[in-house]
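This report refers to the structure that appears directly beneath it.
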Amino acid sequence: MNMLRTFYNGIVPENPTLRLVIGMCPVLAVTTAVVNSVWMGLAVIFVLTASNILISLLRKFIPDKIRIPCFIVVIATFTTIADLVLAAVQPDVHKILGVFVPLIVVNCIILGRAEAFASKNPVHLALADGVGMGIGFTLAIMILASIREILGNGSWFGIRFMPAGFEPATVMILPPGAFVSLGFLLGTMNLITARLAARNSRSTERVPSHAADAGLEG
Amino acid sequence: MELRTFVGGVHPAPSKERTAGSPIQAAPLPRRVVIPLAQGGAPCDPLVNKGDAVLVGQKIGESKAFVSAPVHASISGKVVGIETCLLPTGREAPAVIIEGDGTDTWIDSTGRKLEELSPESLKALIREAGLVGMGGAMFPTHVKVSPPPGKSFDSVIINGAECEPFLTCDQRLMVEEPEKIILGLKAWLKVTGAKRGYIGIENNKPEAISALKRAAADEKDIEVVPLRTKYPQGSEKQLIKAILGREVPSGGLPVDAGALVQNVGTTYALATALETGRPLVERVVTVTGTPVKNPQNLRVRIGTLVSDLLSYCGVEGEVGKIISGGPMMGIALPTADVPVIKGTSGILLLTIEEATTLPERACIRCGRCVDACPIGLIPTFLDQFCRKEMWDLAEDYHVQDCIECGSCAYVCPSKRHLVPALRLGKAEVLARRRRK
Amino acid sequence: MEYLAIIIGGMFINNYIFSRFLGLCPFLGVSKQIETATGMGMAVIFVMTMASAVTWLIQNFILVPLHLEYMQTVAFILVIAALVQFVEMVIMKVSPVLYQALGIYLPLITTNCAVLGVALLNAMEGYGFLQAVVSGAANALGWTLAILLFAGIRERWAFIDIPPSMQGFPIALVSTGLMSIAFFGFQGLFRGILF
Amino acid sequence: MEEKKAVPSFDKLIVASSPHIRAAETVDRLMWQVIIALIPAAAVSVYFFGIRSLVLMLVGVASAVLTEALVQKALKKEITIADGSAALTGLLLAFNVPANAPWWMVAVGAAFAIAVVKQTFGGLGANFVNPALAARAFMLAAWPQHMTGRFPVPLDSITAATPLAILKGTATGTLPSYLDLFIGNVGGVLGETSALALLVGGAYLIWQKVIDWRTPAGFIGTVALLTWIFGGKGGLFTGDPLYHVLAGGLILGAFFMATDYVTSPITPKGRLIFGIGCGFITVLIRLWGGYPEGVSYSILLMNLVVPFLDRWTLPRVYGVTRARA
């Protein structure tokens, strides 16, 4: 278990969005444009890393019984900082992201990592986990945002590059587009995973964590 | 007047024209018969041994169990063995095999007058005659006419609907022997103490209706009721609903609706037993279907092999299915080497083309099965539940009330095999209830 | 009329699931059967209505007078966590059956972003007390409507032949997307009359 | 018995469960019947809107059928394009676009209907919303510029607002006469304009027992009643129900879309309530909603309620007196 591996774990093997499929609300809400997803990703990376570090540092001092409220207070504090900073630095983006920045506090990724990882591991690993998971989240929502912005607006990072004859499908940046494209993105992930698993069947057999069914995800 | 009927049902082509007009003929006396010892209720113990000589009408099997009917030799000759044989029901059972002597010698018997008999002695006569439900179910008749404590019959219905396509044996009996049907009905009334007798006949058999109306002209307690031609009009529950307007409660018996329903063939057999004292050793069987050269209604000794009947009637071309009973609820036989039993109303042959079904496809929720179900079930939901072994859901949706009439599968445009799935679910749910 | 606008807006036009993306995790997680979805819906209606009332009081009687608006997120989430604890205790006492059915889902209401979401949105809209409560109830009703419809659709999945790679979350998301297309029908409803 | 004659061959006996006879009706026949019933409306559309209309219909059908075949091939399933269901979806989709719609939009819409709405769920019988209508709503949200506004006028090269938009007051223009509405001499999407042609097809389907009369009766009846009560400017009971019935996509929707087996209730009572619900939502949207027409959204929304309608309208079971769970 080293830092590099922990870092990589959050990006591919246990990507919170595409593999674990948790914390879906912001994934769908902020992916109308790639720019928005990048800022959202940065906010999540910040809150996740900072709370992971602090919780790891305090892990010996937090009483087990009230650990969840303690985690929430820590996360809420960093969320508030992220919210205020974003409002100051990027007021327009802050307005678009709206309620989803303060809602980072109830994002299962953060609380889930605090509970499952940071509270049980030393600081350097908690840092690697936070950054890895945060980047994993950011990459995932950037992929989704790219699909939606290109098809729904004909542009990427706001730059229109599709040929003039292309008429963007506005529906892609509306809620149905979010749901349907994420559904097919996850389906494609499943397909790739299944293909890879079939190819490497004699080595390790990795079952896609969400292939079985849509279970309980906070 | 609006013809009485029930809700739901289907309209398969009656296909009765090839035999409806052909009078009942006696089939040639078989040289050998195979008489299963289980023909209604508990299996009988054999009363004869290999090598014994028997006469027609001699009792050859009996059980001490109440729910059981005795069996009788249907030809005179010698018992050549007691062996396990395949029944048209698909089950296997021990059977007495008799080689005929060609003399057709009967036991001594004398007829009785209905007026002389008390209900109790009439019931004994019914049992001794080996009467069972001859529509196919073969439930011992003396049990059927004995209501459980606290319950009673007020009506008897003769089931002359004969809603199964192709079959005409009941129709011919009603046309040719209306007096005996009326006599039988009066006997049912006497043994049950019921006040009213009805004969329900689908209105596509006007000859039978008029014959019985004539025969019953002087009987003020007997009414001939024309019914709308619709399958499954001849199902007990649907017949009671159509004629009496009552319903048999879910999980209950016809007696819970005060009704006794009797098959035409059984009624005729009772009248025969009364008039001659002879037990049930023969019945009318409709042998028909496209591959049959001379389709006809035959008076057949119980135990005659289906293959013998088919040789007699003649078969052309390749046969896809041999069905014991009608096309809607009959059983497809794996071989022609099975005996005619008391519940065999017909032998129906289908060509390979007729017997080949289209492949099953996914349900498109067209709702035709819902409209067709005479019970008010959602057959396609039950089909899904049963295939996924979701027995709780199947029970919530009343799979146990299914009468397996096949109306749902008949109308299904996706050609789904609904009946086996529902039959399985029904058996499973009832078994689970018994375990509780 | 303004209350009617909040109700129709919350239930149909700006449904939390189909247009605001709030409360998706329990929507996807607890919708396998109509019965459990109903229980979860009831719990959410109760908690969201209560949370709207309580957070309004916190906002207007503590945070605003003390100029602590920046503490909103922290204060709201703690209040909601406490409230959910309380509701959980009550349900356990009142209906063990319901508690059994909801099982581990009840504590999850804390992290149901619809609850914190409605509190934050109420504050953002500057609703009065009654408006906030009605908004909480209406949005929760809309959420419940969504999960019930979804649970009904989902029960059929046991019997259909979904391609393997689309099973689970992918099909759930595609279905939700198609449902949200249908809910476009409510867009612009009563514009000029209520809105 | 006499000497055995040559025993016929019984070595090909099929042992299968009863019933041993089946009605002639098949899924394929049902689907093609609906397509046949749409031919009058298609013909009228070609007459009024020209060859352009035919091209769009062919594109819709071709795209739907091709998508179905490709997806089924990719999923290694049996290819069932001959059953007509994909062709029907493509045709109905084309019926829902105006004559000046770009052909690629129809192609994309039909592909969406088949690939996303139908095959993702497992193909025929598995989808929960009507594929053609979901694709129409998708196109409306994706390319509103091609799906709303001014539609081509029959036998002319100009465009005009649809009667319902004029009626609603969101557009200006002269309202066509009842007769023009009835025969279809009005602007609108391809398949909806001629009430006469659609009624002929609908009557054919009811006569052939392909569709249940309850759905269209409940749908159209409710729209007529509610628009009569609420549709008028001069107070209650001053509306013009006939105009509301003839204009827009009501007859197309009521006979051909709301009756889609897969996405409507399975019980007769459920189908009646389904129709009434569609009518209610249609009027809600037409009179107070954000669109001039509400037929397709009303059917889509009622599609979502079908599992509950099925549950609540179970027929009474023979011999059962207590209410079912």
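Numbers restart at 1 for each chain; the letters A, B, ... are given by sequence-line order, proteins then strands. Please read all numbers here as calculations on a predicted model, not as lab measurements.
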Requested in this report: Name the region of B:Cys366, side chain, backbone, both or neither, that has any atom closer than 4.5 Å to a heavy atom of chain D.
Outcome: both

Query raised in the report: Below 4.5 Å, heavy atoms only, C-beta onward: do B:Arg365 and D:Asp310 meet side chain to side chain?
Result: yes

Requested in this report: Start with the C-alpha gap between B:Gln238 and D:Tyr318, add the side-chain angles, then the distance that decides, and say whether side-chain contact (heavy atoms from CB on, under 4.5 Å) holds.
Outcome: CA-CA 9 Å; B:Gln238 277 55 49; D:Tyr318 179 104; 4.0 Å; yes

Query - Heavy-atom contact with chain D under 4.5 Å, split by part of B:Leu418 - result: neither

Query - Engaged part of B:Pro165 at the chain D interface, taking heavy atoms whose separation is under 4.5 Å - result: side chain

Report task. Measure distances from B:Leu350 to the heavy atoms of chain D and classify the residue's part below 4.5 Å as side chain, backbone, both or neither. Result -> side chain

Query raised in the report: Does the side chain of D:Ile21 reach to within under 4.5 Å of the side chain of B:Tyr410, using non-hydrogen atoms?
Result: yes

Query raised in the report: Tell me, side chain or backbone of B:Ile322 under 4.5 Å from chain D's heavy atoms, or both, or neither?
Result: both

**Report entry** B:Val370, part contacting chain D, at a heavy-atom distance under 4.5 Å
**Finding:** side chain

Query raised in the report: With a 4.0 Å cut-off, would you call D:Asp212 and B:Arg368 a salt bridge?
Result: no

Query raised in the report: So which part of D:Ile14 gets closer than 4.5 Å to some heavy atom of chain B, the side chain, the backbone, both or neither?
Result: both

Report task. State, with a plain yes or no, whether a side-chain heavy atom of B:Leu333 is found less than 4.5 Å away from one of D:Leu13. Result -> no

**Report entry** Residue part contacting chain B, namely of D:Ala24, when any heavy atom lies under 4.5 Å
**Finding:** backbone

Query raised in the report: Given that the side chain runs from C-beta out, which part of B:Phe381 has a heavy atom under 4.5 Å from chain D: side chain, backbone, both or neither?
Result: side chain

Query raised in the report: For B:Pro249, is it the side chain, the backbone, both or neither that has a heavy atom under 4.5 Å from a heavy atom of chain D?
Result: both

Report summary line: Smallest heavy-atom separation, B:Ile364 atom then D:Tyr261 atom, equals O-CB, 3.1 Å

Query raised in the report: Are B:Asp337 and D:Phe10 close enough that some pair of their side-chain heavy atoms sits under 4.5 Å apart?
Result: no

Query raised in the report: How far apart are the closest heavy atoms of B:Gly376 and D:Val317, and which atoms are they?
Result: O-CG2, 3.8 Å

Query raised in the report: For D:Ala23 and B:Val411, which heavy atoms make the closest approach, and how far apart are they?
Result: CB-CA, 4.2 Å

Query raised in the report: What part of B:Ser407 lies closer than 4.5 angstrom to a heavy atom of chain D: side chain, backbone, both or neither?
Result: neither

Query raised in the report: Considering only heavy atoms from C-beta outward, does the side chain of B:Arg361 approach that of D:Thr26 to under 4.5 Å?
Result: no

**Report entry** Carboxylate-amine/guanidinium contact D:Arg271 B:Asp371, below 4.0 Å
**Finding:** yes

Query raised in the report: Using non-hydrogen atoms only, which part of B:Leu358 is less than 4.5 Å away from chain D: side chain, backbone, both, or neither?
Result: side chain

Query - Under-4.0 Å salt bridge between D:Arg316 and B:Glu247 - result: yes

Query raised in the report: Does any heavy atom of chain B fall under 4.5 Å from the side chain of D:Ser85, the backbone, both, or neither of them?
Result: neither

**Report entry** Heavy-atom side-chain contact between D:Ser18 and B:Arg423 under 4.5 Å
**Finding:** yes

